[in-house]
Amino acid sequence: MLFFLLLFAASGPPQVPDGAVLRPTFTVDRILEYSAGTAFVTELDGQPLVLSALHLFGPAAGLTRQFSAAELPGRTRLVGRDAFTNKKVVVTADQRPLPLAYPWADDVGGDIVAFDLTVDEKGRAGGRKPVAPLPLGDACPEVGAPVWLAARAAGAGAADRVHPATVVACDPVTLSYAFGSATLQLQATSGAPILDREGRVVGLHLGGLTDGAEVVGMAMSAPSIQAHLRGQPLPLPPSPWPPSEAGWPAIENPWNLALETLHAELLPAWGLSGEGEDLIREGLQRDPTLAALFDDISRLSWRDSMGNFDAIHERVQRWNALYDARGVPLRLSVAAQGQVLAVMTWWEQARVTAAMGDQPVELRLVTRMDPINIVDGLYSLEPDTPITLLHAETIRDAAVEALWPLLAPDAKHPWAAALRADLTPNMPEGDVEILSRAAPLRQELDAVVDAVNARSRCSGFGLYPLPWYGLDPEMAQQLSEVVGTGRCAPITQEELTRLQDATRALDQQVGLEEALEGLTSFLTSAVAIEAAAARAHCEDCSFEERARAGSLAALAGPYLQAAPAVLLCHRADAGYRYAKDLADELGVCRSAVGLTDKVAARRGVTETWSVSAPASVPVTWPGGR
């Protein structure tokens, strides 16, 4: 008989003693006094505590603003009366600092406040009755397990101390539970404990909603409560962002967020249209610093992107500094275009330090992740930082468009022979010959593109330089739809056939992709010298002055003289004024003779530096086909 009685008692609801669940009155700065929500007494390693919800120090409790967790310690006092007997139980002014706490916005992982209690020999904490700490759990209950909300619910009697529910979901941050009733009223229950069958606190109740025929509640789960109280890193739920469809590698980060999706999709789209802000906030709430930076950027950009650009840029640099401190290989930058805020994002592939005399310059090889139609130069000097970004995709395109065609056996360019002589000892054996055999195919692609663009004023149709592999199927289909005849044809059938034939031939070139990787790495070294020289020359120079100084230093570097010269000629042909002026002055594009002496003669006007940079920088080649 005794066995069955014990079994029945264990399967019933937990008992909530007097002095455990409280109705709190908060005082801030001895001026602001108000009652809101619920609190409860627990203990951690023998130290009694009162826990409640941080959002009760804000508009949810009728205040004009939300206090942050950092503002409250030393300014607050709590008086707690038993939620069921109304007897004074707690008086405290010792709020425990919880630096990672934050009010419930899109997740409940930070919505907690804690007060340390001083208890006398009779278990009293400033009231006439002793406190009764509820034991604190440390794990999630299983889905389907019974739990109970311990609170004085509106409309319930004083004897109704617990309200049964069933666990719907639980992770290290969030506990959800269904009460099985659509009439239960949860007003003023934020901050109450969620108890399991043994009476342990498995959640800090924070709110609920009516879902069909039942009320569903939500709480901070026990692992997060424990982490906040112990000052440990907060556990993280699964990322709210799906993996990116762009094929970027998953980036390890302390927030367990799909940052590749944030950078390749969410932030760029938000900057252009304002869409997806709620989803961005949902994820960034896991780090209060990132969340606050995004809030500032959003507020400033909505008010006036151009007028507030300096302040926005400063927040972006703080964001990048946080990434650096956490070892996250990503970067942000912004550009204001009217009231549109273009958010550009990069993935870091490598870091290089170039020594410009006694001045080290930090270079980072980056690949653009965003789809925004803003074209990068070969490198960019980040304002207000010592960092220069080398743009891997732009360097790769320059290698394909400027260097590769000059390796064709019949190339007549003045720098063709010098370029081949520079490349042969500095690239893997056989790569130069692979590029040489395939170079006529690249020349064929370029010739067709030039012919199409020569008719653009008449046809209204033009082509960008093609990828190294030629046409992809989608581009081939698009071109087939605009095939025409006559002198204003967007593209003729004969031209399209030439592009398709060259593409098929390129696909059959064994080792070509690897050889182009080597060519890109070779050119990256030259660009690194140029960018480092531009950074070290002067911080206050204009763009053209920096670019001119950098190009001159690259031409005069200890090696790689041909590649920078070819690149300078390529940019001069593309209409860059500084490149054209420097190329004309040195005669670089007319002859390969005497360049070293000509650059040396300029040293009285523009100083150059000895540069040490790696001969090869790793470049991850984006898949094309």
Lys/Arg N to Asp/Glu carboxylate O, [X] vs [Y], below 4.0 Å:
X: Arg318; Y: Asp296; result: no
X: Arg331; Y: Glu382; result: yes
X: Arg77; Y: Asp29; result: no
X: Asp18; Y: Lys87; result: no
X: Arg152; Y: Asp82; result: no

Geometric cation-pi criterion, Arg326 with Tyr323: 6.0 Å, 45°: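 The answer is no; the distance or angle limit is not met.
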
Taking atom [atom1] of [X] and atom [atom2] of [Y], what is their separation to the nearest 0.5 Å?
X: Tyr379; Y: Thr388; atom1: OH; atom2: OG1; answer: 8.5 Å
X: Leu56; Y: Trp104; atom1: CG; atom2: CH2; answer: 12.0 Å
X: Ile194; Y: Met220; atom1: CD1; atom2: CE; answer: 13.0 Å
X: Leu267; Y: Asp370; atom1: CG; atom2: CG; answer: 10.0 Å
X: Leu389; Y: Leu363; atom1: CG; atom2: CG; answer: 9.5 Å
X: Asn86; Y: Leu22; atom1: CG; atom2: CG; answer: 11.0 Å

Does some side-chain heavy atom of [Y] sit less than 4.5 Å from a side-chain heavy atom of [X]?
X: Leu98; Y: Val113; result: no
X: Leu78; Y: Thr27; result: no
X: Leu262; Y: Trp241; result: yes
X: Leu54; Y: Gln66; result: yes
X: Phe309; Y: Leu300; result: no
X: Leu44; Y: Leu136; result: yes

[X] and [Y]: side chain donor to acceptor below 3.5 Å:
X: Glu265; Y: Ser244; result: yes
X: Glu277; Y: Ser298; result: yes
X: Thr174; Y: Ser221; result: no
X: Ser380; Y: His391; result: yes
X: His55; Y: Tyr102; result: no
X: Gln95; Y: Thr76; result: yes

Can you see which heavy atom on [X] is nearest to which on [Y], and at what distance?
X: Ala227; Y: Pro233; result: CB-O, 3.8 Å
X: Thr345; Y: His263; result: OG1-O, 2.8 Å
X: Ser305; Y: Ile312; result: O-CD1, 3.9 Å
X: Thr189; Y: Ala153; result: CG2-CA, 4.5 Å
X: Leu332; Y: Val316; result: O-CG1, 3.5 Å
X: Ser190; Y: Ser52; result: O-OG, 4.3 Å

Exceeds 12 heavy-atom contacts within 6.0 angstrom, atom [atom1] of [X]:
X: Gln47; atom1: CD; answer: yes
X: Arg230; atom1: CZ; answer: yes
X: Arg65; atom1: CZ; answer: yes
X: Gln15; atom1: CD; answer: no

Residues Phe179, Trp148; criterion ring-ring contact (aromatic ring centres under 6.0 Å, His included); working and verdict: CA-CA 9 Å; Phe179 289 99; Trp148 288 263; over 10 Å; no

Looking at [X] and [Y], would you say the former's side chain and the latter's main chain have a donor-acceptor pair under 3.5 Å?
X: Ser301; Y: Leu341; value: no
X: Asp304; Y: Asn308; value: no
X: Asn320; Y: Asp324; value: no

Intermediate values then yes/no, side-chain contact (heavy atoms from CB on, under 4.5 Å), Thr166 and Tyr177: CA-CA 5 Å; Thr166 301; Tyr177 35 91; over 6 Å; no

